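As structure tokens, the structure follows; a few thoughts come after it.
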Amino acid sequence: MAQSTLKIMQEIEAAAQAVLDDYERQKDAFKDSLSKDLEKIGQAYDQETQLQLADLEASSQKELVILRDELTETIAQNEQTVRRVLTDKKDELVQTIVDKVVERYGN
């Protein structure tokens, strides 16, 4: 009887071990599957991020060109305005300078 009980207990232990081994295999397979899925998601995210970055860089470059053109135009307009003001007031400025010199140093 003791032999029979021992044999039954060993069979139960072997069955339990088989269940645990199967559980470990399933757990490892699931873990591998999740890791692969996560890696695929990460790669897809990286690709999407790269595409968005490229689009952003392209639009930023276009915006930079536009801003530089606007700046160049603004500088040209300002220089033209300064020249026009100086030309328009040239006689007045010369007369003011002459008056100051005469006032300070005499006739």
Side-chain angles (χ1 to χ4, degrees):
M1 172 102 177
Q3 283 293 349
S4 173
T5 305
L6 181 60
K7 185 176 179 182
I8 292 172
M9 288 177 65
Q10 289 174 341
E11 288 173 359
I12 292 172
E13 186 179 344
Q17 188 62 46
V19 168
L20 285 175
D21 291 344
D22 185 50
Y23 171 77
E24 286 296 322
R25 277 192 299 277
Q26 288 178 7
K27 182 178 82 169
D28 290 342
F30 185 66
K31 181 180 174 183
D32 290 343
S33 174
L34 286 178
S35 293
K36 288 177 183 177
D37 289 347
L38 184 59
E39 186 176 329
K40 287 178 185 176
I41 291 170
Q43 288 173 350
Y45 177 78
D46 288 345
Q47 289 174 347
E48 181 64 26
T49 301
Q50 289 298 323
L51 290 174
Q52 289 178 355
L53 180 61
D55 288 345
L56 184 59
E57 285 176 346
S59 65
S60 294
Q61 286 298 326
K62 289 177 184 175
E63 181 73 19
L64 183 60
V65 167
I66 291 169
L67 290 173
R68 284 182 178 162
D69 290 346
E70 289 175 356
L71 179 62
T72 301
E73 184 178 329
T74 301
I75 289 171
Q77 288 174 352
N78 288 346
E79 287 176 351
Q80 185 179 14
T81 302
V82 167
R83 277 191 226 107
R84 189 179 56 235
V85 167
L86 289 176
T87 301
D88 291 348
K89 300 208 178 223
K90 183 178 180 182
D91 293 337
E92 213 176 290
L93 288 172
V94 169
Q95 188 59 49
T96 302
I97 292 170
V98 169
D99 289 346
K100 294 270 183 180
V101 169
V102 169
E103 180 182 308
R104 184 167 191 150
Y105 298 107
N107 294 348

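The basis for the numbers below is simple: all heavy atoms, side chains too, and nothing from hydrogens, waters or symmetry mates. A quick note: this is a predicted structure, and the numbers were derived from the prediction, not measured.
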Sequence neighbours left out, what pairs pass salt bridge (charged side-chain N to carboxylate O under 4.0 Å, His left out) with at least one residue falling in residues 47-65? none
Nearest-0.5 Å distance, CD of residue E11 to CG of residue L6: 10.0 Å
Counting neighbours of CD on Q80 that are heavy atoms of other residues, nucleotides or ligands and sit closer than 6.0 Å, is the number greater than 12? no
Got a list of side-chain donor-acceptor pairs under 3.5 Å for residues 31-47, not counting sequence neighbours?
from, atom 1, to, atom 2, distance (Å)
S35, OG, K31, O, 3.0

Given side-chain contact (heavy atoms from CB on, under 4.5 Å), test T81 with R84 step by step and report yes or no. CA-CA 5 Å; T81 302; R84 189 179 56 235; 3.7 Å; yes
How long is the straight-line distance from OG of S59 back to CG of L64, given to the nearest 0.5 Å? 11.0 Å
Point-to-point distance, once rounded to the nearest 0.5 Å, from CZ of R68 to CG of L71: 9.5 Å
Return the CD to NZ distance between Q95 and K100, rounded to the nearest 0.5 Å. 12.5 Å
V94 pairs by side chain to side chain contact (heavy atoms under 4.5 Å, CB included) with which of I97, V98, D91? V98
Close side-chain approach of M9 and E13, heavy atoms under 4.5 Å: no
Could you list the donor-acceptor pairs under 3.5 angstrom formed between side-chain atoms of residues 15-24 and any protein atom two or more places apart in sequence or on another chain?
from, atom 1, to, atom 2, distance (Å)
Q17, NE2, D21, OD1, 2.9
D22, OD2, Q26, NE2, 3.0
E24, OE1, K27, NZ, 3.3

